[in-house]
Every structure is written in structure tokens, then in C-alpha cells.
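Read the structure below first, then the notes.
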2 protein chains.
Amino acid sequence: MHNTDKLKQILHKKNLRYTQQRQEVWDEICSTNEHRDAEDIYNSLRKRQTNVSRATVYRTIDVLVKNNLVRRLDLGDGRSRFENKMGIAHHDHIVCLDCRKIVEFMNEEIEEIQEQVAKEMGFEIVRHVHQLFGHCLDEKCPNK
Amino acid sequence: MHNTDKLKQILHKKNLRYTQQRQEVWDEICSTNEHRDAEDIYNSLRKRQTNVSRATVYRTIDVLVKNNLVRRLDLGDGRSRFENKMGIAHHDHIVCLDCRKIVEFMNEEIEEIQEQVAKEMGFEIVRHVHQLFGHCLDEKCPNK
DNA sequence: ACTTCTTTGAGACTCAATCTCAATAGAGGG
DNA sequence: CCCTCTATTGAGATTGAGTCTCAAAGAAGT
Ligand SMILES: [Zn+2]
Ligand SMILES: [Zn+2]
Ligand SMILES: [Zn+2]
Ligand SMILES: [Zn+2]
């Protein structure tokens, strides 16, 4: 399903209104696979003359997150990052402490074990955060 | 080694001064195994007539974290939690979304696999965050 | 076009955490 | 014990991501 249709469908199902601003924010998020913060998304919109207010960017992102179109990441640096989640398989993240590069990983074994561990401790998991922080071996990374 | 001696030793090694305030903050953190925020630690100190300013609580915690005596946890709710780390083995956390109970877990297999995964992706891990969020099956938990 | 209800924008506000800077107080030497 | 040199402290101001307020604008159904 196309981005626009998906957005319209979800908003309609929740009795929320389809607006130009929501479409613009959703388009902007769909335009890359990067892990961007709200301010970054807001600035990109302004740069292409699309005037959506900061408050609306935040509010729209909340709507998208609640409806599973966008994923919120907390990398521990004080601001949330967002990534398009539509049709994207689950993954976790490795972050380079030097160049802030973010790489995605997914390991079925870890996913299963953590589920098992939680069950043993008397929990039903809803979501999880698994992030690895370290140094990448990339040539272009500053610390080389 | 006793808490006080350990603190003195580390401060001395780093050419930092041993002060009454730093001792009080460290004592307060050592007094429980809970995962407390800075405001909570600050309030406990005031309650027992120990006047350490808020700024000093934050600054002292930073010193303790940098020197590996205290661990900083980010559970994604906008404020850092802290736990005594001296002589405590590595573990990760499961959090109940209903009652905010925090349970610790440690799985050697996960620890090994994540190390392996990182190596394969060209990273040397320095630290990691692994948190599971869900519902606990405790009788006393609100959502029952 | 009309009505109803939601959404938007601008700026005020929140809250954890950090910063500023004058006053205070460790630590080592004499 | 006193002196000097710095590091530390406290009170309050400041920061910055994110949220809230409310009057004006605008979806969507009739
Ligand atoms: Zn995962
Ligand atoms: Zn990702
Ligand atoms: Zn671990
Ligand atoms: Zn713990």
C-alpha cells in the first residue's frame, strides 16, 4: 500500500483527520532510512518551504508512533530519534561512540532467549531496547 | 574495601578532593539496592538533615559514574536512575509497565552472542543497554 | 454551504540537568 | 598551625527537548 493511502486509512480508522501537515511529516520521515530527531525533521520541512510548526511535528510524530508507522529510538543522548517502520522488520542498533554511526542488527537467538528469560522471571514482554555502544573500525571514523 | 576507603582512594588517584558532601552522596547511594533518580537521592539527604545542594548531588553522581562506582540507567522516562555498582556483577533490567517494578537479569548466552554480532558488524563494544518492558504477573500489580 | 469537532500555530511553560560565579574549604608545604 | 593554591560548593539562572494553551483555521459529514 502506498504511503499516502496507509496514512489516510489509519487516520480514518481512528477517527482522526487527514491533514496536509500530517502528510508532510509522514512524507519527510519516509524519505530516508536514517534515524533522525524531531528538530531535524522540522528543519527539513522548513527548508523545502513546507511550513509545519514545531508543535505539529511533535504531535504528528506521536500519532505515527502510536499507530505503528514510526518507531521511536532513545539512544541515551537526550532526544528521541525516529525511523520509518512501515514494512520494516524488527531490528536493534549498534552505535559508534566516535562517529555516531548507527548500524542495525537482528539476531533471532537473542530475541528468543530474552523472551524465555522474561517468562522465567514472570513477565510478558511488550517491547525491548537493545543497543550496543562501541567503536567502529571504519577508516573514515575520527578515532583512527 | 570499605565504602569510605574506596571513595578516598579513587578521589586521591584522580587528584580530586575528598569532601563531606561527596561522602554523603556515596553513602546514600550505598544504602539501598534500588534504582533511584537524582531527585530522590537529593530528597533523602535533606530528610536526614544532610544539606548537600542539588547541583552537588548531580556533580557527585557524575564523578561516581565516571569512576565506575555507580551505574547510570536510562529507562526511557526522562530521568536517569542510579545504582551502586561496587562489587555488583553485570546485569540488565526488566521493567513492569504497570507498577514500574524493576527486576534484574543476566544471561551469559545473550552477552556472548551480542559480542559476536558486534564483531561481525565491525564494532568493538564498550557498553550496552538491554531492557525488557512488559507486564509482571505479580498479584499486587495494578493491572490485575 | 452549514455544522461540528479536530487540528494548527505561536509562544508560554515544564522539568531534568547543567552552568555561573562568588564564597568556602581540602591538601600539601613550611 | 598558618599559608597558598586550587577544587568544590550553593543558590539561582539557564538550557533544551518536549508539552501545553487557546484562539483561529480547516476537515468531514449532511
Ligand atoms: Zn530485538
Ligand atoms: Zn533502525
Ligand atoms: Zn548485559
Ligand atoms: Zn540493576
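- In this structure, A:Asp77 places its CG atom 14 Å from P of D:dG16, rounding to the nearest Å.
- Salt-bridge check for B:Arg81 with B:Glu34: failed, with every basic side-chain N at 4.0 Å or more from each acidic carboxylate O.
- Atoms CG (B:Leu11) and P (C:dG28) sit 12 Å apart, rounded to a whole Å.
- Between the P atom of C:dA27 and the NZ atom of B:Lys14 lies a distance of 17 Å, rounded to the nearest Å.
- Residues from residues 21-53 of chain B that place a heavy atom under 4.0 Å from any atom of DNA chain C: there are none.
- With respect to B:Glu124 and B:Lys119, no salt bridge is recorded, no charged nitrogen being found less than 4.0 Å from a carboxylate O.
- Side-chain atoms of B:Arg59 come within donor-acceptor range of the base of D:dG10, with a qualifying N/O pair under 3.5 Å.
- Salt-bridge formation is not detected for the pair B:Arg79/B:Asp40: no Lys NZ or Arg NE/NH1/NH2 atom is positioned less than 4.0 Å from an Asp or Glu carboxylate oxygen.
- Residue A:Tyr58 places at least one side-chain N or O under 4.0 Å from the OP1 or OP2 atom of D:dG18.
- Nearest-nucleotide assignment on DNA chain C puts the 5′-proximal partner with A:Ala55, out of B:Arg79 and A:Ala55.
- The residue among B:Arg17 and A:Thr56 whose nearest nucleotide of DNA chain C is located toward the 5' end is A:Thr56.
- Between B:Glu83 and B:Arg36, none of the side-chain N atoms (NZ, or NE/NH1/NH2) sits under 4.0 Å from a carboxylate O, so this pair counts as no salt bridge.
- Across A:His130, A:His91, A:His93, a single residue satisfies ring-ring contact (aromatic ring centres under 6.0 Å, His included) together with A:Phe105, and that is A:His130.
- Residue A:His12 has no polar side-chain atom (N or O) positioned under 4.0 Å from OP1 or OP2 of C:dT6.
- Under the side-chain hydrogen bond (donor to acceptor under 3.5 Å, both in side chains) criterion, B:Glu112 pairs with no residue, sequence neighbours left out.
- When rounded to the nearest whole Å, the span between CD of B:Gln20 and P of C:dA25 equals 12 Å.
- Linking Ile, Leu, Val, Met, Phe, Trp and Tyr residues whenever their side-chain heavy atoms come within less than 4.5 Å leaves A:Leu75 and B:Met121 in two separate clusters.
- Look at CG on B:Leu73: it is 16 Å from C1' on C:dA16, rounded to the nearest Å.
- Across its full length, the helix from C:dA1-D:dT30 to C:dG30-D:dC1 shows an angle of 30° between the axes of its 5 terminal pairs at either end, rounded to 10 degrees.
- In this structure, the OH atom of A:Tyr18 is 12 Å from the P atom of C:dT8, given to the nearest Å.
- In this structure, the CG atom of B:Leu16 is 11 Å from the P atom of C:dA27, given to the nearest Å.
- B:Ile10 and B:Leu16 fall within the same hydrophobic cluster, where Ile, Leu, Val, Met, Phe, Trp and Tyr residues are linked whenever their side-chain heavy atoms come under 4.5 Å apart, directly or through other members.
- Separating the CG atom of B:Asn15 from the C1' atom of D:dC5 is a distance of 13 Å, rounded to the nearest angstrom.
- Judged by a 6.0 Å distance limit and a 45° cone about the ring axis, B:Arg72 is not positioned over the six-membered ring of B:Phe82.
- Put simply, B:Thr19 has no side-chain N or O that comes within less than 4.0 Å of OP1 or OP2 on D:dA7.
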